[in-house]
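First listed ligand is number 1; within each ligand, the first listed atom is number 1. From a predicted model like this one, the values you see are computed outputs, not experimental measurements.
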Amino acid sequence: MAYGAVMPPIYQTSTYAQSTPGGHKGYEYSRTQNPTRHALEKALASIENGNHGLTFGSGMAAIDAIIKLLKPGDEVISTNDLYGGSYRLFTKIYEDFGIKFHFIGMENATNIEAYINKNTKLIWVETPTNPMMNIIDIKATSEIVKKHNILLAVDNTFATPYLQLPLDLGADIVMHSATKYLGGHSDVVMGALVVNDKMLAERLYFIQNASGAVSGPQDCFLVLRGIKTLHIRMERHCENGKAVAEYLASHPKIENVYWPGFENYPNHNIAKTQMKDFGGMVSFTTKGNDYDKAIKIVERLKIFTLAESLGGVESLAGHPASMTHASIPKEKREQTGVVDSLIRLSVGIEDVDDLIADLKQAIG
Ligand code: P1T
């Protein structure tokens, strides 16, 4: 690093001087490449145990780049419980371009096989899923996919590379909303991809540059700073997540608690095998499943901020049916468990006694 700077500088430049046409120092134009972005892309590839990293202006832009690998007539098999924005991109944009999406339950990886045909090009997995915390077996899915020459992409936003390394488990592409745990401080919107295969990376770099949804240098700096503390933040997110999940499970007004650390939780053993710990995301429903009562709970919370998003050091609460997953039709979201009383918590790194006291007063 120039001058021995410990932190990578923010190269706030759109372009780079050339001595003669093509005579540059590796950087021509910041849509194509920028040194701060390059530093982050290398760091993200490293923590995901991959060879090539790419960052984008948002998580959605990163997913968009993946779908641009496909052509009309191609088919995608996706988990049926996933971030509402991913569902919206697939159904409201790419279905119109002739790409077909199958949304299926993936709690048993063998379910996928029945939907594979000669047009299937991509399997889209989120695990743990947003917001139902379903666990999908990445290794078993990759073994099915490998028999068919299909790409397996894993949205690793909820788990982060601290807890789960999809490429090591056989995935071809790992995707992140870096807005969440990677950034970690709710001050940046960004997406990221990491892959091993060189040809796949080159195609994605081509799409990144051609479509242009890149991340800016200042934001890259913030995520570079964020990932320095990812491991210690995640340890505390997991510790607090466990305490909150156990508190909710013991509460007489709570019906269901969705947190993969419970021993009787569906696919708990898969979570235990493919994740280092169970994360800081916890969802729950109240007895009676009343929409208005759920709204009252999120309104009464004081330490948990009612807001979209997750993964920052401060605790957030959301009501998926009216917020993050409102773009999924009611009957579809209810089939996957996103009922009216579902509340999703992103458990932060505050004092856990304060968090539990806040939930206690809000649930009443
Ligand atoms: O918001 P953006 O950085 O574009 O990332 C989209 C995205 C992709 N994948 C998952 C699993 C996500 O959770 C998100 C964004 N999610 C929220 C904003 C939310 O509150 O769930």
Side-chain angles (χ1 to χ4, degrees), residues 40 44 54-67 78-94 103 106 124-136 138 153-161 163-164 166 171 173-194 208 211 213-216 219-220 222-223 226 237 258 260 275 279-283 298 304-312 314-328 333 336-338 342-348:
L40 175 61
L44 292 177
L54 305 93
T55 64
F56 295 84
S58 68
M60 292 320 305
I63 302 175
D64 183 79
I66 297 175
I67 306 301
S78 164
T79 172
N80 58 2
D81 174 39
L82 77 169
Y83 172 54
S86 309
Y87 178 86
R88 179 176 57 196
L89 177 71
F90 296 166
T91 56
K92 300 275 166 61
I93 307 269
Y94 281 106
F103 297 95
M106 291 187 175
W124 184 261
V125 165
E126 226 182 77
T127 183
T129 59
N130 180 1
M132 298 311 301
M133 312 303 157
N134 287 312
I135 299 297
I136 298 166
I138 300 172
V154 176
D155 183 335
N156 206 25
T157 299
F158 272 34
T160 82
L163 297 179
Q164 170 175 286
I173 305 174
V174 54
M175 175 266 152
H176 277 280
S177 169
T179 315
K180 311 299 183 321
Y181 290 104
L182 297 182
H185 297 77
S186 306
D187 52 10
V188 65
V189 173
M190 193 190 292
L193 302 179
V194 178
Q208 182 194 39
S211 290
V214 294
S215 51
D219 287 349
C220 290
L222 288 172
V223 176
H237 282 299
Y258 301 93
M275 297 169 76
M281 296 300 298
V282 180
S283 296
V298 292
F304 285 85
T305 302
L306 174 62
E308 307 256 353
S309 204
L310 59 112
E314 61 291 307
S315 293
L316 301 181
H319 181 244
S322 64
M323 296 167 70
T324 46
H325 292 68
S327 56
I328 303 178
R333 67 171 164 75
T336 61
V338 186
L342 187 80
I343 292 172
R344 188 191 74 182
L345 302 177
S346 170
V347 182

Search all heavy atoms of S86 against all heavy atoms of E126 and return the closest pair with its distance. OG-OE2, 4.3 Å
M132 and D81 have their tightest heavy-atom pair at CB-OD2, 3.0 Å
Identify the closest protein heavy atom to [atom]: which residue and atom is it, and at what distance?
{"atom": "atom 13 (O) of ligand 1", "value": "N130 ND2, 3.0 Å"}
{"atom": "atom 3 (O) of ligand 1", "value": "T179 OG1, 2.6 Å"}
{"atom": "atom 12 (C) of ligand 1", "value": "Y83 CG, 3.7 Å"}

Report, in ascending order of atom number, the atoms of ligand 1 lying under 4.0 Å from any heavy atom of [X].
{"X": "K180", "answer": "1 (O), 5 (O), 14 (C), 15 (C), 16 (N), 17 (C), 18 (C)"}
{"X": "D155", "answer": "8 (C), 9 (N), 10 (C), 11 (C)"}
{"X": "T324", "answer": "19 (C), 20 (O), 21 (O)"}

Value rounded to 0.5 Å, distance of [atom1] in [X] from [atom2] in [Y]:
{"X": "D155", "Y": "Y83", "atom1": "CG", "atom2": "OH", "answer": "10.5 Å"}
{"X": "S346", "Y": "E314", "atom1": "OG", "atom2": "CD", "answer": "8.0 Å"}
{"X": "W124", "Y": "T79", "atom1": "CH2", "atom2": "OG1", "answer": "11.5 Å"}

Mark yes or no for whether H325, through its side chain, and N130, through its backbone, hold a donor-acceptor pair below 3.5 Å.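 Side chain of H325 to backbone of N130, a donor-acceptor pair under 3.5 Å: yes, one is there.
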Taking heavy atoms and a distance under 4.0 Å, where does L310 meet ligand 1: side chain, backbone, both or neither? side chain
Does at least one non-hydrogen atom of S309 fall below 4.0 angstrom from an atom of ligand 1? yes
Looking at ligand 1, is there an atom of it that comes within less than 4.0 Å of some heavy atom belonging to R344? yes
Could you check if a side-chain atom of T129 sits within less than 4.5 angstrom of a side-chain atom of M106, using non-hydrogen atoms only?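 Sidechains of M106 and T129: no contact.
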Determine whether K180 and T160 make a side-chain contact, defined as any pair of heavy atoms from C-beta on separated by less than 4.5 Å. no
Polar contacts were defined as any N/O atom of the residue lying under 3.5 Å from an N/O atom of the ligand; does this apply to V189 and ligand 1? no
Ligand 1 and G59, any nitrogen or oxygen pair closer than 3.5 angstrom? yes
